[in-house]
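Scroll down for the structure; my scribbles are underneath it.
Treat the numbers as computed from the prediction; the structure is a model and nothing was measured. Per chain, numbering begins at 1; letters A, B, ... match sequence-line order.
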Number of protein chains: 2
Amino acid sequence: MWIVTTEEKIIKAAEEVFIEHGYDGARMQEIADRAEINKAMLHYYFRSKEMLFEKIFEEKVKVVFPTISEQMKSYEGFTDKVCFFIEQYYDILIKYPFMPFFIISTINRKDDKHFIKKLPFGFMKEIFFESFFSDLQSGKIREVNPFQFAVSVMGMSIFPFLSRPAMKELIGINDEQFQLLMQQRIDELKNYVKLILTPTNHA
Amino acid sequence: MWIVTTEEKIIKAAEEVFIEHGYDGARMQEIADRAEINKAMLHYYFRSKEMLFEKIFEEKVKVVFPTISEQMKSYEGFTDKVCFFIEQYYDILIKYPFMPFFIISTINRKDDKHFIKKLPFGFMKEIFFESFFSDLQSGKIREVNPFQFAVSVMGMSIFPFLSRPAMKELIGINDEQFQLLMQQRIDELKNYVKLILTPTNHA
DNA sequence: GTCTATAAGGCGATAGAC
DNA sequence: GTCTATCGCCTTATAGAC
């Protein structure tokens, strides 16, 4: 609890710096300064900048793509599953608003495609599509393109966190107000999902 | 037509390199190589890396936020305006799929907030909100939060281009197939917009 | 494990000849 | 306008004392 190892201090500092500046913009000196150690220690614990980054990325990905999938199983209908996903996802996003940009900027790096493969998207195919086609067949939901729909839900959810600096600047709000706006957004998005998925009544 | 000035060659090369690697990742040497000139020329035409980037950013922003706003005025209802916006926007996005990440990564840069102010969002307040409240009052559209709705439309539109590398890797498609997928996405998004905005019939 | 000092190379930028 | 050569700094990484 009250003992903090050097390795923990490094990881905490590295998280901050990599997330703020991205891989290329991050400086080992700044990480060392924030961890209140010297540069040589960084290389003692994690051989290189690349390896330190890898460690942080894996650690953070585990946070953003957590065991939501397991919990999703307990919800019956597809619509409820998606709404629950949004709720849970926003809990994480509001807690770690910098995460989306960190991940997006990493997977868009020219050379390293191997980061992409670390994204755990297995639960999509298992739960998402299975549940979708089940509810579609029984007429509980409208016939939309499941892939495009999934990308849309992700986009609606994540985008405000990617454009956060612009939103803050353009409408003139601070971090606290942004957080409130995102809190309110949950119900709005769930409403959109229901409006899209609920079949039109032909009675 | 067939004469290409050195300045034009530099701009073309700089576009590519800045878009691929971002500001921090971009190297003046690589820009020089692609332009088939030497490094010194870059500084002769554009004093510094920062000023060259500024030039590219302004140029590119003019492409992505074009005179759509003017054309939007000709569409009567709010729903039609939004659908038209998606259509026009996707024309540009499909043509320049790297642009969203370029802009997002620029506005997320720690220090320089001044880039954000160059984003032309004036048309939003003028046309978007005015048309929204007009249609809302006459009962033509459902009562949603206009700001959250706008962010959602932007998110649904832009997100696939930000997660393009992941999408290509995870579902195993090439550039051509991605382009087709985005072409199909236009109608899907327009459908979502209509489903969200069309009021429920209480007859 | 932790430090200081320094290596080794890459970077943006400039000087100066042509 | 265009080139070669080089400066001066910054960055990652290591050597070696404690």
Side-chain angles (χ1 to χ4, degrees), chain A residues 1-60 102 105-106 108-112 114-115, chain B residues 1-60 102 105-106 108-112 114-115:
Chain A
M1 177 64 173
W2 46 86
I3 57 147
V4 179
T5 66
T6 302
E7 191 170 335
E8 287 169 342
K9 285 199 290 184
I10 293 174
I11 288 180
K12 189 177 176 303
E15 268 178 34
E16 290 177 18
V17 175
F18 278 130
I19 284 174
E20 280 180 25
H21 300 287
Y23 180 81
D24 291 321
R27 296 285 163 255
M28 295 295 264
Q29 185 61 62
E30 189 174 350
I31 295 173
D33 290 344
R34 293 212 201 180
E36 290 175 311
I37 45 124
N38 65 69
K39 250 189 329 180
M41 296 300 289
L42 299 179
H43 292 90
Y44 177 78
Y45 280 94
F46 309 87
R47 281 165 55 92
S48 65
K49 181 182 179 179
E50 189 66 36
M51 290 179 76
L52 177 54
F53 181 82
E54 202 116 354
K55 175 82 176 174
I56 302 297
F57 185 78
E58 282 183 37
E59 205 102 332
K60 291 279 102 182
F102 177 66
S105 67
T106 301
N108 274 277
R109 269 175 64 196
K110 203 66 221 250
D111 8 314
D112 306 283
H114 80 278
F115 283 116
Chain B
M1 178 63 175
W2 46 85
I3 59 148
V4 178
T5 66
T6 302
E7 191 170 336
E8 288 168 341
K9 284 198 290 184
I10 292 174
I11 289 180
K12 188 175 177 303
E15 268 178 32
E16 291 177 17
V17 176
F18 278 129
I19 284 175
E20 280 180 26
H21 300 288
Y23 181 81
D24 290 322
R27 296 287 161 253
M28 296 294 266
Q29 185 61 62
E30 189 175 350
I31 296 173
D33 290 344
R34 293 212 202 179
E36 290 176 308
I37 46 126
N38 63 69
K39 247 189 335 179
M41 296 299 289
L42 298 179
H43 292 91
Y44 177 79
Y45 280 95
F46 311 87
R47 284 165 52 97
S48 65
K49 182 183 180 181
E50 188 65 37
M51 290 180 75
L52 177 54
F53 181 81
E54 203 115 355
K55 174 82 177 175
I56 302 297
F57 185 78
E58 283 183 37
E59 204 102 334
K60 290 280 101 181
F102 178 64
S105 67
T106 301
N108 274 278
R109 269 176 65 195
K110 202 70 220 250
D111 9 314
D112 305 283
H114 82 278
F115 283 116

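For the pair Lys60(B) and Phe18(B), the cation-pi criterion (under 6.0 Å, within 45° of the ring axis) is not fulfilled.
Across the protein-nucleic acid pair, Asp24(A) atom CG and dC10(D) atom P stand 19 Å apart, rounded to whole Å. Atom P of nucleotide dT2(D) and atom CD of Glu7(B) are separated by 10 Å, given to the nearest angstrom. Spacing between atom CD1 of Ile31(A) and atom P of dT11(D) amounts to 12 Å, rounded to whole angstrom units. Summarising the geometry, the separation between CD1 on Ile37(A) and P on dC3(C) is reported as 7 Å, rounded to the nearest angstrom. When rounded to the nearest whole Å, the span between CG of Leu42(A) and C1' of dC3(C) equals 13 Å. Rounded to whole Å, the distance from CD1 on Ile10(A) to C1' on dA13(D) is 15 Å. Regarding Leu52(A), its CG atom lies at a distance of 12 Å from the C1' atom of dT12(D), rounded to whole Å. Atom C1' of nucleotide dG1(C) and atom CD of Glu36(A) are separated by 17 Å, given to the nearest angstrom.
Distance from the side chain of Arg27(A) is smallest for dT11(D) among the nucleotides dT11(D), dT2(C), dC3(D). For Lys39(B), whose side chain is taken as the heavy atoms from C-beta onward, the closest listed nucleotide among dG12(C), dT2(D), dC3(C) is dG12(C). Each of dT2(D), dA15(D), dT12(D) was ranked by its minimum atom distance to the side chain of His43(A); first place goes to dT12(D). Of the listed nucleotides (dT2(D), dA13(D), dT14(C)), dA13(D) has the atom at the smallest distance from the side chain of Lys49(A). Of all nucleotides listed (dG1(D), dG1(C), dT12(D)), dG1(D) comes nearest to the side chain of Tyr45(B). Side-chain atoms of Met28(B) lie closest to dA13(C) of the nucleotides dA13(C), dA13(D), dT14(D).
Look at Asn38(A) and you won't find any side-chain N or O under 4.0 angstrom from OP1 or OP2 of dT2(C).
At a threshold of 4.5 Å between non-hydrogen side-chain atoms, the residues Gln29(A) and Asp33(A) count as touching.
For Lys9(A), the NZ atom counts as densely surrounded, since its 6.0 Å shell holds more than 12 non-hydrogen atoms of other residues, nucleotides or ligands.
A salt bridge links Lys12(B) with Glu16(B): the distance from a Lys NZ or Arg NE/NH1/NH2 to an Asp or Glu carboxylate oxygen falls below 4.0 Å. The pair Arg109(B)-Glu20(A) does not meet the salt-bridge criterion, since no charged nitrogen lies less than 4.0 angstrom from a carboxylate oxygen.
Across all strands shown, Met41(A) has heavy atoms under 4.0 Å from base atoms, whether or not it also approaches the sugar-phosphate. As judged by a 4.0 angstrom heavy-atom cut-off over every strand, Ala32(B) is placed among residues making no nucleic acid contact.
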